[in-house]
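Take a look at the structure below.
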Number of protein chains: 2
Amino acid sequence: MAVKRDTKNQILDIAEALLQERGFHAFSYQHIASKLGVKNAAIHYHYPSKNDLAVALVARYRRRFSRWSENLAKENAAPWPCFESYIETCRYLIESNKICVLGMMAAEFNTMAEEVQREIQLLQDEVVSYFSDLLKRGQEQGEFSFLGDAAHKALVLTCQLQGAMQFAQVKGSGVYNVVVDQLRAELKPQA
Amino acid sequence: MAVKRDTKNQILDIAEALLQERGFHAFSYQHIASKLGVKNAAIHYHYPSKNDLAVALVARYRRRFSRWSENLAKENAAPWPCFESYIETCRYLIESNKICVLGMMAAEFNTMAEEVQREIQLLQDEVVSYFSDLLKRGQEQGEFSFLGDAAHKALVLTCQLQGAMQFAQVKGSGVYNVVVDQLRAELKPQA
DNA sequence: GTGACTTTACTTACTAAATGGTAAGTCGTC
DNA sequence: GACGACTTACCATTTAGTAAGTAAAGTCAC
């Protein structure tokens, strides 16, 4: 029974990995099909056009991020562990030669259909507002210290991490460690 | 006489614009050819393979950045104007629906040939070390204030700006203004 | 300077492979 | 026997890339 609906998700798994490693225009239905051990047309059966694939991919990524951040909220996790949790998730991506879906889609934004663009915008909003909430909470609890508005700082933070993941592809994961160390130092109170 | 050697450069101009707007795998020789009003094979005459094009493109971009930063150094420009000059250059890119060559190539890094990857690495080194020098100089003159090593802060700054350009594509140039304002505030002494 | 050549900057006319996509058929399960 | 999940067998288009030809400009012996 798990085998049935799974193909549709497995396609997204493979497509997501390919997107994060290579970018949307650098993989094809053939790549997915051969990795899944299935024929080209099977992919089209589940996602008629590559556009449909893109929409589903970003939408699922967005839902996953939603659930992830909601779980952290329910656990009432402290600000620093929340921060470190995100950092670790990104580190895992880097070590698999991947970057964030958001970062890749932002770079390729102009080439995506409107429907996909809207999904990307929603994803960006969610990631930034996750950090916005986290920063606000951390500031109130005296755990974080930063200049200006939490929403603005959240945007900067998101840009920074996206950039760090991309630069880590270019020069290795050491880049990521440097950036994250600097981030931590700057967020710590009494600096 | 300017017409002669110019085609080779015009190809790079068009390819660079397409790269910055769409990414390396989302434009073809046909796109360049039709924009230049020339046939497909003419592009192959100057750049036999797309790989050659990529190498030449990044190398030229790198040379241009070198000259740009050397000129600023010769003028002995003050730290803040140097900083603002870079900010303005990026703003111009955003307004033409483009992102930095470095940011795009970083996102697509895994799909590029080794030769191109080396050029991208060199470009990244140059950009980061430009900021590293600038930050150091600014700090010594009491114009900038930041935590930790200038080289580390430079890396962070570069990530931030690359990310900001990409996010500006997604949600408009307002994003860029917010990020840049925050960056300015954080760099100002006596915060 | 003229004729003979080479070189440069292309065009025309291809090719093989890959791309996204479709229509019709198969096959096991409810 | 209807439906879901495919496969087989296509298709038009686009892709990077090549080979051969051409027109104009440059080079150079004489």
Side-chain angles (χ1 to χ4, degrees), chain A residues 1-19 21-58 60 104-105 108 110-117 119, chain B residues 1-19 21-58 60 104-105 108 110-117 119:
Chain A
M1 45 184 136
V3 184
K4 274 289 158 65
R5 177 118 193 130
D6 238 42
T7 302
K8 202 163 182 173
N9 262 312
Q10 279 176 14
I11 291 169
L12 282 192
D13 289 340
I14 294 166
E16 189 180 291
L18 285 167
L19 173 75
E21 275 177 52
R22 306 177 47 83
F24 192 70
H25 301 288
F27 76 86
S28 70
Y29 272 37
Q30 247 100 14
H31 288 115
I32 303 171
S34 68
K35 280 213 180 194
L36 230 179
V38 97
K39 295 297 152 153
N40 209 323
I43 318 293
H44 281 284
Y45 171 73
H46 291 288
Y47 304 99
S49 78
K50 210 182 173 187
N51 194 34
D52 298 324
L53 216 198
V55 173
L57 200 161
V58 182
R60 189 185 72 159
M104 188 60 90
M105 283 302 202
E108 295 184 304
N110 290 326
T111 67
M112 309 307 289
E114 270 184 48
E115 221 183 335
V116 187
Q117 291 188 334
E119 280 294 329
Chain B
M1 48 185 130
V3 183
K4 272 290 158 65
R5 178 116 194 134
D6 239 41
T7 301
K8 202 163 182 174
N9 263 311
Q10 280 176 13
I11 292 170
L12 282 192
D13 289 341
I14 294 167
E16 189 180 289
L18 285 167
L19 172 76
E21 275 178 52
R22 307 177 47 85
F24 192 70
H25 302 287
F27 76 87
S28 69
Y29 272 36
Q30 247 101 14
H31 288 115
I32 304 170
S34 68
K35 280 212 179 195
L36 231 180
V38 97
K39 295 297 153 151
N40 210 323
I43 319 293
H44 280 285
Y45 171 74
H46 291 288
Y47 303 99
S49 78
K50 211 183 173 186
N51 193 34
D52 299 323
L53 218 197
V55 173
L57 201 161
V58 182
R60 191 186 70 161
M104 187 60 90
M105 283 303 201
E108 295 183 304
N110 290 326
T111 66
M112 308 307 290
E114 270 184 49
E115 219 183 336
V116 186
Q117 292 189 333
E119 279 294 329

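Just so we're on the same page: letters track the sequence lines, and every chain starts at 1.
Using a 4.0 Å cut-off, some side-chain N or O of B:His46 falls inside it from OP1 or OP2 of C:dC10. In this model, the phosphate group of D:dA5 is approached by a side-chain N or O of A:Tyr45 to a distance below 4.0 Å at OP1 or OP2. Checking the phosphate oxygens (OP1, OP2) of D:dA5, no side-chain nitrogen or oxygen of A:Thr7 falls inside 4.0 Å.
B:Asn40 is linked by a side chain to side chain donor-acceptor pair (under 3.5 Å) to B:Gln30, counting only residues two or more places apart in sequence or in another chain. Under the rule for a ring pair (Phe, Tyr, Trp, His ring centres under 6.0 Å), A:His25 has no partner lying at least two apart in sequence or in another chain. When the ring pair (Phe, Tyr, Trp, His ring centres under 6.0 Å) test is applied to B:Tyr47, no partner is found at least two apart in sequence or on another chain. By the side chain to side chain donor-acceptor pair (under 3.5 Å) test, A:Glu115 pairs with no residue at all, sequence neighbours left out. Qualifying ring pair (Phe, Tyr, Trp, His ring centres under 6.0 Å) partners for A:Phe27, counting only residues two or more places apart in sequence or in other chains: A:Phe24.
One atom, CG of B:Asp6, and another, C1' of C:dT8, lie 15 Å apart when rounded to the nearest Å. Atom NZ in A:Lys8 sits about 11 Å away from atom P in D:dC6, given to the nearest Å. Computed from coordinates, the B:Ile43 CD1 to C:dT12 P distance equals 14 Å when rounded to whole Å. Atom CG in A:Asp52 sits about 8 Å away from atom P in C:dG21, given to the nearest Å.
The residue B:His25 sits apart from the nucleic acid: no heavy atom pair falls under 4.0 Å.
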Mind listing the N/O atom pairs, protein and nucleotides 16-19 of chain D, below 3.5 Å?
unit_1 : atom_1 : unit_2  : atom_2 : d
D:dA16 : OP1    : B:Lys50 : NZ     : 3.2
D:dA16 : OP2    : B:Tyr29 : N      : 3.1
D:dG17 : OP2    : B:Lys50 : N      : 2.6
D:dG17 : N7     : B:His44 : NE2    : 3.1

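The one candidate from B:Ile32, B:Val116, B:Val58 that meets the side-chain contact (heavy atoms from CB on, under 4.5 Å) condition with B:Leu53 is B:Ile32.
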